[in-house]
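To start, the structure under review is shown below, and the notes come after it.
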Amino acid sequence: MNFTDELVQWYLQNKRDLPWRNTTDAYVIWLSEIILQQTRVEQGLPYFYRFVERYPNVSSFAAAGEDEVLKLWQGLGYYSRGRNMLKTAKLVQEQYHGKFPQRYDDLIKLKGIGEYTAAAISSFSANEAKAVVDGNVYRVLARYFGIDEPINSTGGKKTFQELANNLINKKTPGLHNQAMMEFGAMLCKPKNPACGICPVHMNCFAFINNATSILPIKLKTVKVRERFFNYFLVTDGDSVLMNKRGDKDIWANLYDLPMVETASLLPLPELMDNPTVKEIFGNDIRISVDNLPVQKHILTHQRLYIRLIKIQSKPIKLDSNWFYTTVENLRNLAFPKPIVILIKNIFNL
DNA sequence: AATTCGGGGTT
DNA sequence: AACCCAGAATT
């Protein structure tokens with residue numbers, strides 16, 4: 001048996017039973033694929049069940065509001081996925097009369113669907129022979145064929161996509177794609193791959209050359225930015241002052257509290273002397289609580305230091321994105337993870 | 001071509 | 001702390 005046939009045989013005997021593998025409904029497969037972008041299966045599973053139950057078809061999704069979708073998405077990260085899903089659902093409802101497209105060339109034009117996702121949906125729902133290349137496939141191909149071109153370089157992406165296209169089984173592309181990814185996820189893992197039970201290790205470049213720990217090659221780029229978010233709690237116990245975030249920065253269109261960002265973690269007197277803070281609260285600011293610990297929140301490109309200051313005086317100037325709402329209504333708003341924690345600590349919601 | 005978009009698990 | 005995850009969009 002050749003390389004890919006071996007992987008398919010391995011897959012048929014070792015695959016996990018995942019809900020999106022038991023359907024050819026392009027809409028359901030689309031849901032699963034967007035949720036799983038840069039997200040582990042175990043983390044995405046509960047969200048997948050939540051979304052198929054709430055939105056069983058394109059029409060129900062297209063009728064949703066953005067706040068509602070983001071609330072369902074809360075905690076999963078990369079929130080543009082949720083916003084793009086709503087745009088795509090609305091477009092599919094209009095242009096395709098609610099029937100989700102299955103052809104690669106149609107799918108690739110939709111918001112939130114790139115090369116990987118278009119190949120996944122078209123091959124799984126209609127057996128179109130398009131090869132998926134995700135993080136798993138990069139790793140399997142780099143190791144087996146001994147490719148040392150960086151997987152995150154422009155040339156590298158092209159090399160791996162072409163190789164995957166040449167390898168794909170044109171009779172059963174969906175099965176082939178599932179097998180490549182599952183093999184990478186379960187056996188040919190990033191650390192400590194299970195080469196001892198690998199069906200193709202005797203022909204694997206990385207195994208033969210003891211190079212599984214250096215392949216695939218990835219250029220490191222990440223530079224982490226430190227940011228300091230000073231949140232203000234303004235509440236009378238019944239209503240509370242909230243902020244709707246804009247569409248540029250992290251957590252676009254989600255909700256948090258009024259906040260002033262500073263360049264460093266300032267002592268409280270210095271913070272309250274900040275021009276922006278004075279503009280908001282005036283000169284006689286009454287503070288009731290500032291003994292809450294600073295929350296450190298780690299993201300891929302940012303380290304956030306989050307502090308909460310409880311203010312008793314009323315602000316004299318409100319930003320256009322600020323609004324008062326009832327504590328009860330907080331249940332309906334989508335918050336970033338650290339704000340979920342803040343609100344839980346304050347209101348026990 | 002490089003940067004940005006989350007949150008969580010593994011090592 | 002570094003790396004990765006069924007990547008895509010923006011700069």
Side-chain angles (χ1 to χ4, degrees), chain A residues 11 15-16 18-21 29-48 70 73-85 87-88 107-121 123-124 131-140 150-158 160-161 164 174 177-186 188-193 213-214 216-225 227 245-254 295-304 334-341:
Chain A
Y11 173 73
K15 65 176 177 174
R16 292 168 289 183
L18 301 174
W20 45 83
R21 287 181 178 157
I29 293 168
W30 168 69
L31 280 181
S32 73
E33 290 299 340
I34 303 297
I35 287 171
L36 292 172
Q37 285 169 4
Q38 291 293 286
T39 303
R40 290 167 197 283
V41 166
E42 308 81 63
Q43 190 187 0
L45 255 177
Y47 287 85
F48 172 77
L70 288 175
W73 200 272
Q74 177 177 290
L76 196 55
Y78 286 166
Y79 296 91
S80 66
R81 290 182 289 171
R83 298 196 310 272
N84 284 334
M85 279 184 112
K87 290 179 194 165
T88 289
L107 292 162
I108 195 72
K109 296 172 184 164
L110 302 173
K111 281 287 184 198
I113 297 184
E115 276 186 76
Y116 162 79
T117 305
I121 299 173
S123 65
F124 300 153
V132 296
V133 182
D134 72 336
N136 296 307
V137 177
Y138 278 122
R139 186 168 55 253
V140 171
I151 61 172
N152 57 341
S153 68
T154 304
K157 288 177 192 166
K158 191 161 176 285
F160 283 93
Q161 183 68 59
N177 281 337
Q178 293 280 14
M180 298 287 290
M181 291 193 287
E182 187 79 339
F183 180 78
M186 305 296 289
C188 195
K189 296 179 293 184
K191 307 283 183 187
N192 304 322
S213 64
I214 63 167
I217 304 284
K218 191 171 185 178
L219 301 172
K220 57 183 71 179
T221 52
V222 203
K223 63 164 193 258
V224 179
R225 185 160 62 119
R227 301 177 72 180
R245 298 182 59 82
D247 54 6
K248 293 297 180 209
D249 205 351
I250 56 167
W251 306 326
N253 293 12
L254 271 65
Q295 252 195 77
K296 191 171 175 180
H297 188 72
I298 308 292
L299 302 176
T300 304
H301 293 89
Q302 303 184 22
R303 262 205 303 270
L304 304 179
F335 303 114
K337 196 66 178 180
I339 305 303
V340 170
I341 294 171

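Reminder, nothing fancy here: chain letters follow the sequence lines and each chain counts from 1.
- Note on A:Thr154: a side-chain N or O is less than 4.0 Å away from OP1 or OP2 of B:dA1.
- A:Lys296 places its NZ atom 16 Å from the P atom of B:dG7, with the value rounded to the nearest Å.
- When the P atom is used for both B:dT11 and C:dA6, the distance is 14 Å, rounded to whole Å.
- Listed by chain and number, the residues in a side chain to side chain donor-acceptor pair (under 3.5 Å) with A:Thr117 are A:Gln37 (sequence neighbours excluded).
- In this structure, A:Arg40 places its CZ atom 11 Å from P of C:dC4, rounding to the nearest Å.
- If you check distances only, the side chain of A:Thr39 never reaches the base of C:dG7 with a donor-acceptor pair under 3.5 Å.
- Between A:Ile339 and A:Leu254, the closest side-chain pair of non-hydrogen atoms is not below 4.5 Å.
- Residue A:Glu42 is classed as having no contact, given no heavy-atom separation below 4.0 Å to the nucleic acid.
- Contact check, A:Trp251 against B:dG7: a side-chain N or O comes under 4.0 Å of OP1 or OP2.
- At a threshold of 4.0 angstrom between heavy atoms, the contacts of A:Lys111 are confined to the sugar-phosphate backbone, with no base atom among them.
- B:dG6 and C:dC4 have their C1' atoms separated by 14 Å, with the value rounded to a whole Å.
- Within the 3.5 Å criterion, the main-chain N or O of A:Val224 finds no donor-acceptor partner in the side chain of A:Arg303.
- Side-chain N or O atoms of A:Arg81 include one that pairs as donor or acceptor with a backbone N or O of A:Leu76 at under 3.5 Å.
- What separates CD of A:Gln38 from C1' of B:dG7 is a distance of 11 Å, to the nearest Å.
- Across C:dG7, B:dG7, B:dT4, the shortest atom-to-atom separation from the side chain of A:Tyr78 is found for C:dG7.
- For the pair A:Asn192 CG and C:dC4 P, the computed distance is 14 Å after rounding to whole Å.
- Heavy-atom nearest nucleotides on DNA chain B were determined for A:Phe335 and for A:Lys191, and the one closer to the 5' end corresponds to A:Phe335.
- Heavy atoms of A:Ile113 sit under 4.0 angstrom from primed sugar atoms or phosphate atoms, though from no base atom.
- Judged by atom type and distance alone, A:Arg81 does not reach the base of C:dA9 through any side-chain donor-acceptor pair under 3.5 Å.
- For A:Tyr116, the listed nucleotide lying nearest its side chain is C:dA6; candidates were B:dG7, C:dA6, B:dT11.
- Side-chain proximity of A:Lys220 to the nucleotides C:dC3, B:dC5, B:dG7 is greatest for C:dC3.
- Side-chain atoms of A:Glu115 and A:Lys157, non-hydrogen and from C-beta on, never get closer than 4.5 Å to each other.
- Residue A:Lys157 places no side-chain N or O under 4.0 Å from the OP1 or OP2 atom of B:dA1.
- For the pair A:Gln302 and A:Gly155, nearest-nucleotide mapping onto DNA chain B gives the more 5' position to A:Gly155.
- No hydrogens or angles were tested; on distance alone, nothing pairs the side chain of A:Thr117 with the base of C:dG7 as donor and acceptor under 3.5 Å.
- Residue contacts for A:Leu219: at a heavy-atom cut-off of 4.0 Å it reaches no nucleic acid atom on any strand shown.
- Atom pair A:Arg227:CZ and B:dC5:C1' shows a separation of 12 Å (rounding to whole Å applied).
- Within the 4.0 angstrom heavy-atom criterion, no nucleotide atom of any strand lies near A:Gly184.
- Residue A:Arg139 is in sugar-phosphate contact alone, with no base atom involved, counting any heavy-atom pair closer than 4.0 Å across all strands shown.
- The NE2 atom of A:His301 sits 11 Å away from the P atom of B:dG6 (whole-angstrom rounding).
- Projected onto DNA chain C by closest heavy-atom contact, A:Gly112 and A:Met181 fall at different nucleotides, the more 5' of which corresponds to A:Met181.
- Shortest non-hydrogen contact noted between A:Leu219 and A:Pro150 is CG-CB, 3.7 Å.
- On a pure distance criterion of 3.5 Å, a polar donor-acceptor pair joins the side chain of A:Gln43 and the base of B:dG7.
- Inter-residue side-chain proximity for A:Tyr79 and A:Leu70 is flagged as met; some heavy-atom pair is nearer than 4.5 Å.
- Side-chain atoms of A:Asp249 lie closest to B:dC5 of the nucleotides C:dA6, B:dC5, C:dA9.
- Rounded to whole Å, atom C1' of C:dA8 lies 6 Å from atom CD of A:Gln37.
- At least one side-chain nitrogen or oxygen of A:Tyr79 sits closer than 4.0 Å to the OP1 or OP2 atom of B:dG7.
- Residue contacts for A:Trp20: at a heavy-atom cut-off of 4.0 Å it reaches a base atom on one of the strands shown.
- Per the geometry, CG belonging to A:Asp247 stands 11 Å off P belonging to C:dT10, to the nearest Å.
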